[in-house]
Enquirer: 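Mind looking over this structure? Questions follow.
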Amino acid sequence: MTKTLHELAHEASSCTRCRLASGRTQVVFGVGNPDAGVMFIGEGPGYYEDKQGEPFVGAAGQLLTRLLGEIGLRREDVYICNVVKCRPPGNRDPLPDEIESCRPYLAGQIENVSPRIVITLGNFATRVILDKQVSISRIRGQRFTVEGRTVIPTFHPAAVLHGGGEAGSQMAALRSDFQTIRQILEEPVPVGAGSEEQLGLF
Ligand code: URA
């Protein structure tokens with residue numbers, strides 16, 4: 001293990017590796033159980049996250065918290081973070097070099113928390129973790145194995161909230177993916193986990 005979560009968070013708190021440093025109120029590193037079995041990875045902090053220093057505290061975060069509750073989990077039971085730790089201006093998409101600058105922090109979070117299940121929320125987190133230019137609407141709900149961890153891509157809660165005509169079906173899909181998390185948590189931990197398809201990246 002290279003650095004502890006605490007060391008990584010400390011280092012990130014004054015990070016100037018990319019241009020997002022200049023527009024942030026503060027770095028939004030991650031929250032939750034440092035030994036969580038389930039990790040959620042979003043895209044990047046929004047307005048409220050940047051102000052409060054905690055991921056997923058705005059409307060999308062409230063939906064995430066509610067969905068966790070529906071499967072008997074609290075925010076403190078899981079670990080929640082983002083691909084980029086600083087708010088992109090005007091909530092624009094993170095740029096490839098910003099994602100690359102932040103990647104060591106995310107890799108360190110995954111290594112330290114070592115979750116059994118990684119839930120990627122939306123296209124950005126999914127593409128970073130699977131290292132493939134996939135489309136979330138095509139692969140959501142499928143199980144992948146990356147370095148022995150089960151990875152399940154699902155819709156980003158913000159996309160579901162703003163989904164227009166698709167919102168109902170996307171919400172149903174998101175709920176069903178949370179049920180999959182519950183199911184996996186109830187399954188015994190497989191011996192020699194990681195023997196399936198490997199998409200090594202972390
Ligand atoms: N959207 C994200 O991707 N992350 C957050 O922390 C909040 C909204």
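These numbers were taken from a predicted model, which means no experiment stands behind them. When a ligand or atom number is given, it counts from 1 through the structure's own listing order.
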Enquirer: Could you tell me if any non-hydrogen atom of His156 lies under 4.0 Å from any atom of ligand 1?
Expert: yes

Enquirer: What pairs meet the ring-ring contact (aromatic ring centres under 6.0 Å, His included) rule with one or both residues in residues 42-85, with sequence neighbours excluded?
Expert: Phe56-His156

Enquirer: Using a strict 4.0 Å cut-off to heavy atoms of Gly42, name the atoms of ligand 1 that fall inside it.
Expert: 3 (O)

Enquirer: For ligand 1, is there an N or O atom under 3.5 Å from any N or O atom of Gly46?
Expert: no

Enquirer: I'd like to know if Arg74 pairs up with Glu76 as an ion pair, taking the criterion as any Lys NZ or Arg NE/NH1/NH2 lying under 4.0 Å from an Asp or Glu carboxylate oxygen.
Expert: yes

Enquirer: Using a strict cut-off of 4.0 Å, indicate which atoms of ligand 1 neighbour a heavy atom of Pro55.
Expert: 6 (O)

Enquirer: Among all protein heavy atoms, pick the one closest to atom 4 (N) of ligand 1 and tell me residue, atom and distance.
Expert: Asn82 OD1, 2.7 Å

Enquirer: Return yes if a side-chain donor-acceptor contact under 3.5 Å exists between Gln26 and Lys85, otherwise no.
Expert: no

Enquirer: Near Glu43, which atoms of ligand 1 are under 4.0 Å from a heavy atom of that residue?
Expert: 2 (C), 3 (O)

Enquirer: Could you tell me whether the side chains of Thr120 and Arg127 share a donor-acceptor contact shorter than 3.5 Å?
Expert: no

Enquirer: Is there a donor in the side chain of Thr154 and an acceptor in the side chain of Arg140, or the other way round, less than 3.5 Å apart?
Expert: no

Enquirer: Name all pairs fulfilling the salt bridge (charged side-chain N to carboxylate O under 4.0 Å, His left out) condition that reach into residues 14-43, sequence neighbours left out, sorted by first residue then second.
Expert: Glu11-Arg17, Arg19-Asp97, Arg19-Glu98

Enquirer: Could you check atom 2 (C) of ligand 1 against the protein and tell me its nearest heavy-atom contact, residue, atom and distance included?
Expert: Gly44 O, 3.1 Å

